[in-house]
Amino acid sequence: MENENGAEAAGTFAAIIDGVLWFFQSLAMAFYNIAYAITHPGSWLDWVTWANTDEDKLSLMKFVYYGGSVEFFFAILAVVLVVTAIGLWRNEFMWGCVRVMEGIANTSGRFFAWAGLLMVIQQIIIVFMQRIFTRPDISIGFGIPLQFDISWFAEELKLYNALVVCMCVTYTFVQGGHVRVDLVYSAVKHRTKRIIDMCGCILFMAPSATLIWMYGWYFLWRHLVTPKPAASWDLERAERSARAVRWNVETIGFSPNGFNGYFLFKILLVAFAGLVFLHAIAFFYRSYLEWKEGEESAGKYLDRDTLGEGEEAYEGTH
């Protein structure tokens with residue numbers, strides 16, 4: 001029995017050592033993979049100028065494979081670690097990264113928030129066309145108009161809602177607009193709050209975004225190309241399937257005349273994961289810098305919208 005326990009413990013220890021070695025080997029290889037991808041963009045971007053050649057098909061399947069691969073994960077991790085190391089050495093560089101990433105969140109949010117207005121306007125048009133003009137369809141444009149059944153435009157409203165949810169999520173985070181349940185946070189000191197924020201980024205925000213990306217990436221491409229790629233494929237299998245690959249964009253709606261662009265929701269899911277992951281890094285950097293520099297740095301360089309002079313009572317409620 002003791003021999004069996006000792007052998008099991010030795011096997012577990014060896015597995016841990018192998019896992020640690022694999023991690024650092026993968027991280028070291030990430031720098032080579034990044035350099036190769038930068039110096040050989042055609043090997044994975046040839047498909048952008050699609051001409052249905054064998055090179056286009058091979059580059060497309062490489063792009064699909066690497067987008068959800070372990071190699072891509074370690075490449076992103078390597079970049080984050082390098083940028084973080086430079087930021088720890090030069091805090092102003094880290095502040096610059098925070099401003100850029102929060103700027104991306106604010107810019108995307110402020111732009112796609114207009115989808116909410118479009119949603120309201122389109123809903124009003126649908127009601128008028130149905131109830132007043134009793135039209136079964138809506139035609140938009142001149143010459144060759146965009147003409148679909150009213151049910152198509154009614155279902156398209158979901159896309160506007162998805163645009164607001166997915167593309168404005170980090171903007172809302174920057175603006176402090178997300179609902180939160182606070183049992184401990186408000187009662188602790190400034191530096192303790194920043195530690196809680198940093199732990200939240202590392203333990204919850206970044207891993208959640210990574211999981212959504214990994215599942216969403218293949219969920220997206222399975223509705224764009226055939227043969228349908230799978231997360232279990234290795235690079236050799238992806239390259240073999242390139243010979244038979246063709247575009248097969250999902251255009252099936254829930255009703256015969258309903259909205260048929262549901263592949264756009266899959267693209268938004270991946271974009272959502274990317275924005276959340278990027279902002280997890282930004283929020284970690286901000287939390288670290290505010291922890292290090294003290295309470296006087298809270299909200300430094302923070303670009304929040306305002307309702308204007310005289311509307312202070314309503315700030316933070318929108």
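Since the model is a prediction, treat every value here as computed from it, not as a measurement. In what follows, every heavy atom counts, from backbone to side chain, and hydrogens, waters and symmetry copies are set aside. Note that the numbering runs from 1 along the sequence shown for the chain.
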| Spatial distance of atom CH2 (W114) from atom CG (L163) [nearest 0.5 Å] | 15.0 Å

| task | Please report the closest heavy-atom contact between K193 and V188, naming both atoms and the distance. | result | CE-O, 3.4 Å

| field | Residues that A75 engages under side-chain contact (heavy atoms from CB on, under 4.5 Å), provided they are two or more places apart | value | I34

| request: Show the numbers, then the answer: is there a side-chain contact (heavy atoms from CB on, under 4.5 Å) between S241 and W233? | output: CA-CA 10 Å; S241 68; W233 283 11; 3.3 Å; yes

| note | Between T84 and the options Y288, W89, Y285, the side chain to side chain donor-acceptor pair (under 3.5 Å) test singles out Y285

| request: Could I get the full list of side-chain contact (heavy atoms from CB on, under 4.5 Å) partners for R304, not counting sequence neighbours? | output: Q175, L302

| task | Quick one: pull up CG in L289 and CD in E92 and give me the separation to the nearest 0.5 Å. | result | 8.5 Å

| task | Could you go through the salt bridge (charged side-chain N to carboxylate O under 4.0 Å, His left out) check for R99 and D303 one step at a time? | result | CA-CA 9 Å; R99 296 177 71 180; D303 179 19; over 6 Å; no

| said: Show, in sequence, the C-alpha distance, side-chain angles and deciding distance for L58 and D46, and conclude whether the side-chain contact (heavy atoms from CB on, under 4.5 Å) test is met. | reply: CA-CA 9 Å; L58 182 60; D46 243 5; over 6 Å; no

| request: Take L159 and L268, measure what side-chain contact (heavy atoms from CB on, under 4.5 Å) needs, and give me the verdict at the end. | output: CA-CA 9 Å; L159 177 62; L268 288 175; 3.9 Å; yes

| message | Before you tell me yes or no, could you show the steps for W47 and F63 under side-chain contact (heavy atoms from CB on, under 4.5 Å), namely the whole-Å CA-CA distance, both residues' side-chain angles and the distance that decides it to 0.1 Å? | response | CA-CA 9 Å; W47 64 275; F63 183 82; 3.6 Å; yes

| said: Main chain of A51, side chain of D56: is a donor-acceptor contact present, judged purely on distance under 3.5 Å? | reply: yes

| query | Taking the hydrophobic residues Ile, Leu, Val, Met, Phe, Trp and Tyr, and joining any pair whose side-chain heavy atoms are under 4.5 Å apart, which ones share a cluster with M205? | reply | V169, F173, I212, F219, L269, F272, V276, F283

| message | Which residues pass the side-chain contact (heavy atoms from CB on, under 4.5 Å) test with L278, not counting sequence neighbours? | response | M101, I104

| said: Could you check whether R286 pairs with E102 (Lys NZ or Arg NE/NH1/NH2 to Asp/Glu carboxylate O, under 4.0 Å)? | reply: yes

| field | Pair D197 + R194, salt bridge at N-O below 4.0 Å | value | yes

| said: Suppose the criterion is side-chain hydrogen bond (donor to acceptor under 3.5 Å, both in side chains): which pairs have a residue in residues 59-78, not counting sequence neighbours? | reply: Y65-E71, S69-E71

| message | So does K228 get a backbone contact from the side chain of H223, meaning a donor-acceptor N/O pair under 3.5 Å? | response | no

| field | is_close_aromatic(W221, Y215), centroid dist under 6.0 Å | value | no

| task | Kindly say whether the aromatic ring centers of F74 and W22 come within a distance under 6.0 Å. | result | yes

| said: Between F112 and Y171 (judged by ring centroids, cut-off 6.0 Å), do the two rings come close enough to count as a pair? | reply: no

| request: Taking the six-membered ring for Trp and the single ring otherwise, decide whether the centroids of Y262 and F259 are under 6.0 Å apart. | output: yes

Could you list the donor-acceptor pairs under 3.5 angstrom formed between side-chain atoms of residues 291-300 and any protein atom two or more places apart in sequence or on another chain?
{"unit_1": "K292", "atom_1": "NZ", "unit_2": "N91", "atom_2": "OD1", "d": "2.8"}
{"unit_1": "E293", "atom_1": "OE2", "unit_2": "W95", "atom_2": "NE1", "d": "2.9"}
{"unit_1": "S297", "atom_1": "OG", "unit_2": "G294", "atom_2": "O", "d": "2.7"}

